[in-house]
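Contents: one structure, followed by commentary.
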Amino acid sequence: MELFDKVNELAKTAVSRTGEVLEDTRLKTQILNDEKSIRELQAKIGAYYYKKFAAGEALDEEILEFCTAISVHLANIDEKKAALNAGKHGVSEKETSKKDDIFDAELNDKEELPY
């Protein structure tokens, strides 16, 4: 029964880590999407200024819309990076280390298989 409990704990750990990897991947994908949006908005800013410059026009406050959108994306990126760095996946580093120790102990307790 003790072996079954340890196997069950290992399975729970594997599921937890899979969830963490999926969450990290989701956040990283969102970061990439936000960075792409920033590049597109920066290109619009550049095109806007160039058209104004080429036409000899004075620059106005229309550019604030693009800058505001970039600020929103940058804030989103910072929030997602903080979530990745803080490990907000429900498992603390201490718990992860403890589960690793249990797994390693299980492996070391096993006799070598004859094959």
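- Put simply, the side chain of L84 reaches to within 4.5 Å of the side chain of K28, judged on heavy atoms.
- Every side chain to side chain donor-acceptor pair (under 3.5 Å) that D34 has, sequence neighbours left out, goes to H73, K80.
- Placement of L27 and L74 within a single hydrophobic cluster is found when ILVMFWY residues are connected by side-chain heavy-atom separations under 4.5 Å, directly or transitively.
- Note that CD1 of I77 is 10.0 Å distant from CG of N33, once rounded to the nearest 0.5 Å.
- There is no path of hydrophobic side-chain contacts, each under 4.5 Å, that joins L22 to I31.
- A salt bridge links E2 with K6: the closest approach of a Lys/Arg side-chain nitrogen to an acidic carboxylate oxygen falls below 4.0 angstrom.
- Using a 4.0 Å cut-off between charged side-chain N and carboxylate O, K12 and E9 make no salt bridge.
- Under a hydrophobic-cluster definition in which Ile, Leu, Val, Met, Phe, Trp and Tyr are linked whenever side-chain heavy atoms come within less than 4.5 Å, directly or via other members, Y49 and I70 are assigned to the same cluster.
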Evaluation steps, salt bridge (charged side-chain N to carboxylate O under 4.0 Å, His left out), between R17 and E20: CA-CA 5 Å; R17 288 187 180 171; E20 290 174 21; 5.8 Å; no
